Amino acid sequence: MPTHFTFCRLCSGRCGLEVDVDSETGKVTQIRGDRQHPMTSGYACIKGLQAGELHHSETRLTRALERQPDGSFRQLETEVALDRIALRMGAIRERHGPDAIGTFRGTQHYTNSTAFHMLTAFIRALGTRSRYSTMTIDQSAKWVAEQRLGSWAAGRQRFEDADVWMFVGYNPLLSVLGNNGFTVLNPTRRLKAAKAAGMKVIVVDPRRTETAHFADVHLQLLPGEDPTLMAALLHIILEQGWQDVSFCAEHVDGLDQLRQAVSPFTPAYVSARAGVDEKDLLDAARLFALESRRGIAVSGTGPDMAPRSNLAEHLIEALNVVCGRFIRAGEQVQNPGAMSRSRAVRAEVVAPARSWESGRRSRVRNLGTLYGEKMSGALADEILQPGPGQLRALIVDGGNPVNALPDRPYAIEAMRALDLLVCIDPYLSETAQLADYVLPPTMMLERPDMPLLFEKTAYPVPFTQYTGAVLAPPGPDVVEDWYVFWALAKRLGLELEFDGVPLDMTTAPSTDELLEILARTAPVPLAEVKQHARGRVFSLPAVTVEPPRPERRGNRFQLAPVDVLAELAQVAAEAPDHNAWREQYRFPLRLSVRRSRTVINTSYRQMDFARKRMPGNPLWMHPDDLSAAGIADGSRALLRSAHGELQVTVEADTSMRVGTVAICHGWGGSGGAEDSQSELGVAINNIIPAGDYSEEINGMPWFSAVPVEVLPFP
Ligand SMILES: Nc1nc2c(c(=O)[nH]1)N[C@H]1C(S)=C(S)[C@@H](COP(=O)(O)OP(=O)(O)OC[C@H]3O[C@@H](n4cnc5c(=O)[nH]c(N)nc54)[C@H](O)[C@@H]3O)O[C@H]1N2
Ligand SMILES: Nc1nc2c(c(=O)[nH]1)N[C@H]1C(S)=C(S)[C@@H](COP(=O)(O)OP(=O)(O)OC[C@H]3O[C@@H](n4cnc5c(=O)[nH]c(N)nc54)[C@H](O)[C@@H]3O)O[C@H]1N2
Ligand code: SF4
Ligand SMILES: [Mo]
C-alpha cells in the first residue's frame, strides 16, 4: 500500500500530509499529518484527515450535468458540455459584449495555482470587466484601507521576531486563515512557542476564542465597536506620545488631524460604548506601543463584516503606521520566495490609490472597482437590474454564492435569472443546483500543485513543495479547473497568455507543464524541488531591504483623509452605549460571525465525518442570555432580525460574550436551493439584507453586529 507525501489545499494551512492509497481500489485508506514536514510538523485538522471521504463520497459528481427544459439535469460528456457552453457564451458575447459574462473566484479556487493563473488569462483574453471574487464579501476592507492609507513596499513586521501581536476579530487557531500577518503553519504550536519566548498577545474579539486563551489582554468588545475601540487605542497612544516620532516625521501625513479626530474617543467613553474595561484599553495601548518594539495589529473577518468595516481597518492599520511597525532599510528580507522571481525590496511608502474613485463606475449603487474587481455584494443587482451592462452569464469556480451572498432569496432569484450559469464544482452545491451546466473538477489529491500564491508571506523561510497527483480522477469526464478555461478559450477563438507566456491553443498543456511555466523564473529549479517529496527549505542569497527610490521619497501614509475623518465624526454621534443601541435598533442582541473547525463555509457539511460532529449549525448563546430569554439549552427557538426570522436550535456556550449570539454561515438547502431550514442547517443569510445594508465604497454586506432577538419557539 503506497504512502504519498503531499499537502492539503482546503485552506491556507498548507498542512503536510501522508496519504495511504490502496493499490487495488485506488482509494485512500488513511491520511496522517506528516510529522517530518518541515513547516507543519504533523499538524492537520479533521477536514484534511478526512479528505478521503471528500474524494470518494457518493455525492461527488463524475459526469457533467446539463439542465433540461423541465428543470431536471441530464448527464453528459464534459467535452460536449464545453461545446454547448462555448456556443452560448459566444452568442452572449456577440449580442451584449464581453462584460455580460462574469467570473466568480470562490474559496476553493484560491489554493489551486494553475486554475488561478488560467482564469486570469481567460479574463484578459475575453476582455470582461465583470470579475468577482469572495474577497468583496470577506475582507476587502483591507484593500480599501491600503488604498486610502497607503502601504509599505517592504511589508509589515513579521511574527517570527516580534515581541507583541494583536489579533483583531481573527481566530487563526481555528480558522487557519493565513496571509494576514500571522504564520498559520501549525498555528497553535507556533503561538505557544512565541508566548514561551516572551511574546505578549492582545486579542480583540467578542468571544473567548481559542486564540484568546493565549491573550495577555483580551478586549471582549461588543461586535461592531472596532472603530471606537481602535480610536481609543490611537487616542491613548497619540496623547501619551508613544508613537514612533521619527517614522511619523519621515513617512506620515495627518498625524495631528487624526489625533484631533480621535479625541472624543476617550477610554471612559469607549469603555461604556464597546463594553470593555477602561484599564484593559490602557493596558493594551501600553503593551502595544510603549512596552514592545516589534509586532503588529492584524485582523481577520470580525471587524470586516460589521458596519463601518472600512473605517475599522483604516484605524487598525493606523496603529501599525503610527508605531512604525514596518521592515526598514538595512533589515534582511525574511523570505525572498523559493519560487518567486527575485526583485529589490524597498523601504518606501506605496502611495494611496483609491481605485474606486477613478475608472468605470457600476450602474449599481455607483460602486467602483478594487484591483480590477467588481463588488460581489452587488452581484445579484448586476444580474437583476435590466439595461445596458446587465450581467447575463456567470462562471463560478470553487464557490457557492447562493449560500454565501447576503439576502439569499434575492441571490437565488439572480442565479435563476441568468441566461447561463456554469459551476465548476465536485458536488451539487446550492448554486450548482441552479446552474445550466455543472462541470466536475479534479479534487486536490487528484492534481499536481505547488503552494505558490502568497508564498513569501505564508512561509517564514524559503520553503516550497511540489506534489503530484496522489489519486486518479474518478472518470474521464473529471477535468482540471484550469482545463475548463483553456477549453472554453479554444472554442471561443481566444489566445491565452498564462502568466505572460502564450499557450498553444490547439493541444492542451499538462498541469505539470503549466507549473513549469509558473516556476520558470524561480531561483530554485522545479526539478530540484521535485526531489524533496515533503518539501524543503532552500537556501537563497540574502536580500537586504534597500532605501526608497528618490522618486518615491515624497510618498507618505495618509492617516487622515477627509472621508475617514467624516465617518469618525459620524461614529462619535452614534448611540453611546449598549442600552442606547438596543433602543435605537429595538433588538437586544448582536449577531456576530463565527466559524467551525468541521466545515469550510458552505462546504462539506453533508459528509459523514462532519455530520457526526456537527449535524446542524446551532445558534450559540451565553447561558445567561438563554435563561434571560427563558429558553432551554438545545431547544428550538426563533431568531429574528428586521429582515425576517428563522427557526434555530440554541446551544449554550460560555465562550460567548453576554449580549451576543453567533451562528455559522453557509448552511441550509438540502431540499433544493430554496430550502433555508433543513437537515443541512439554517441559512442565516436569509435574514441578512443586501443593498442599503452594506458599505458605500465596496458594497461589503453587514454580516456581523446585526441587531437580533431570540424568542422561545411558540
Ligand atoms: N474550519 C474553517 N476554517 C476556515 C473557514 C471555515 O468556514 N471553517 N473559512 C475560511 C474563510 S473563507 C475565511 S475568510 C477565514 C476567516 O478566518 P477568521 O477571520 O479567523 O474567522 P473566525 O474564526 O470566524 O474569526 C473571526 C472572529 O471575529 C469575531 N468577531 C465577530 N464579530 C466581530 C466584530 O464586530 N469585531 C471583532 N473584533 N471581532 C468580531 C468572532 O468572534 C470570531 O472569533 O477562515 C477560513 N478558514
Ligand atoms: N452570513 C455570513 N455570510 C458569509 C460569511 C460570514 O461570515 N457570514 N463569510 C463570507 C466569506 S469570508 C466567504 S469567503 C464566503 C464563502 O463563499 P464561497 O467561496 O462561495 O463558499 P464556499 O463554501 O467556500 O464554496 C466552495 C465551493 O467549492 C466547492 N468545492 C469543494 N472542493 C472543490 C474542489 O476541489 N474544486 C472546486 N472547483 N470546487 C470545490 C464546494 O462544493 C463549494 O460549493 O461566504 C461569505 N458569506
Ligand atoms: S488546517 Fe485542515 S483544512 Fe487547513 S490545510 Fe490543514 S488539514 Fe487542510
Ligand atoms: Mo472568506
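Each ligand, and each atom within it, is numbered from 1 in the order the structure gives. Small disclaimer: the values here were computed from a predicted structure and weren't measured. Side-chain atoms are counted along with the backbone in the values below, which use heavy atoms only and exclude waters and symmetry mates.
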Colleague: Give, for atom NE2 of H643 and atom OG of S641, the distance between the pair rounded to the nearest 0.5 Å.
Modeller: 5.5 Å
Colleague: L54 and side chain to side chain contact (heavy atoms under 4.5 Å, CB included): which partner among M444, M607, R60?
Modeller: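 Going through M444, M607, R60 one by one, the side chain to side chain contact (heavy atoms under 4.5 Å, CB included) with L54 is satisfied by M607 alone.
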Colleague: Before you tell me yes or no, could you show the steps for E53 and R611 under salt bridge (charged side-chain N to carboxylate O under 4.0 Å, His left out), namely the whole-Å CA-CA distance, both residues' side-chain angles and the distance that decides it to 0.1 Å?
Modeller: CA-CA 12 Å; E53 189 188 344; R611 294 194 65 77; over 6 Å; no
Colleague: As a quick check of understanding, evaluate salt bridge (charged side-chain N to carboxylate O under 4.0 Å, His left out) for R534 and D34, giving each step before the final call.
Modeller: CA-CA 8 Å; R534 297 187 142 111; D34 177 359; 2.9 Å; yes
Colleague: Considering only heavy atoms, which protein residues lie less than 4.0 Å from any atom of ligand 2?
Modeller: F104, G106, T107, Q108, T134, I137, D138, M305, D397, G398, G399, N400, P401, A404, I424, D425, P426, Y427, S429, P441, T442, M443, D481, V593, R595, I600, N601, T602, S603, Y604, H665, I684, N685, F703
Colleague: Can the ring centres of F116 and H109 be said to be less than 6.0 Å apart?
Modeller: yes
Colleague: Rounded to the nearest 0.5 Å, how far does CE of M89 lie from CG of L82?
Modeller: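 Separation between the atoms: 10.5 Å.
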Colleague: Given the rule in the side chain to side chain donor-acceptor pair (under 3.5 Å) test, do S510 and D512 qualify, once you have shown the distances and angles that lead to the verdict?
Modeller: CA-CA 5 Å; S510 68; D512 277 309; 5.3 Å; no
Colleague: Strictly under 2.8 Å of atom 4 (Fe) of ligand 3: which protein N/O/S atoms qualify?
Modeller: C11 SG
Colleague: Quick one: pull up CG in D304 and CE in M135 and give me the separation to the nearest 0.5 Å.
Modeller: 8.0 Å
Colleague: Examine distances only and state if a side-chain atom of R35 and a backbone atom of S41 form a donor-acceptor pair shorter than 3.5 Å.
Modeller: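 Checked: no pair found.
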